[in-house]
Amino acid sequence: MNKRLLLIIFVFFVSACKSNDSHMDSSTKQATITSSNQISEIQNGWVQLSFDVSASGDVENIKIIDSYPAGRFDDEAVEALAKWKYKPKVENGVPVKQHNLKVQLDF
């Protein structure tokens with residue numbers, strides 16, 4: 001299974017559990033809140049990438065410009081962008097390569 005699916009399943013099971021705050025002290029409650037916030041941060045982020053589009057419309061030369069959280073979604077973003085297919089740019093009736101295009105993928 002991929003990491004994202006496992007995380008979704010984990011969050012589902014954790015959210016399905018009912019807690020009784022009456023027996024928790026304040027430090028336990030704070031730890032629970034912090035853990036929930038950390039899980040939320042892991043599920044959200046973005047990756048900015050640069051790339052070229054070949055004359056045939058394939059994505060090439062993918063580079064990560066920036067990401068948040070750093071490194072968390074980089075592999076998934078590169079993998080997704082590598083599957084994209086573009087209609088190539090045409091100059092004087094001839095398809096040409098495009099360089100240094102940019103995109104941000106949000107997670």
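Only heavy atoms go into these numbers, but all of them, side chains included; no hydrogens, no water, no symmetry mates. Bear in mind that the values here come from a model prediction, so they are computed numbers and not experimental data.
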Rounded to the nearest 0.5 Å, what separates atom CD in Glu76 from atom CZ in Phe107?
6.0 Å
Value rounded to 0.5 Å, distance of OG in Ser67 from CG in Asp75:
10.0 Å
In chain order, what residues pass the side chain to side chain contact (heavy atoms under 4.5 Å, CB included) check against [X], with sequence neighbours excluded?
{"X": "Gln48", "result": "Trp46, Ile65, Asp66, Gln104"}
{"X": "Val78", "result": "Leu49, Ile62, Ile64"}
{"X": "Glu91", "result": "Lys89, Val96"}

Residues pairing under salt bridge (charged side-chain N to carboxylate O under 4.0 Å, His left out) where one sits in residues 44-56, two or more places apart or in two chains, turn out to be none
Provide the full list of salt bridge (charged side-chain N to carboxylate O under 4.0 Å, His left out) pairs with a residue in residues 93-105, sequence neighbours left out, each pair given once.
Glu60-Lys97
Looking only at heavy atoms, which two atoms of Ala77 and Leu105 are closest? And how far apart?
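Nearest heavy atoms, Ala77 then Leu105: O-CD1, 3.7 Å.
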Of all heavy-atom pairs between Ser56 and Pro88, which one has the smallest distance, and what is that distance?
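Taking Ser56 first and Pro88 second, the nearest heavy atoms are C-CG, 4.3 Å.
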Run the salt bridge (charged side-chain N to carboxylate O under 4.0 Å, His left out) test against Asp58 and tell me which residues pass, sequence neighbours left out.
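Here the qualifying residues are Lys85.
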With heavy-atom distances below 4.5 Å as the criterion, would you say the side chains of Tyr68 and Val47 are in contact?
no
Apply side chain to side chain contact (heavy atoms under 4.5 Å, CB included) to the pair Trp84 and Val53, showing each step before the final yes or no.
CA-CA 10 Å; Trp84 290 11; Val53 174; over 6 Å; no
Under 6.0 Å between ring centres, would you say that holds for Tyr86 and Phe51?
yes
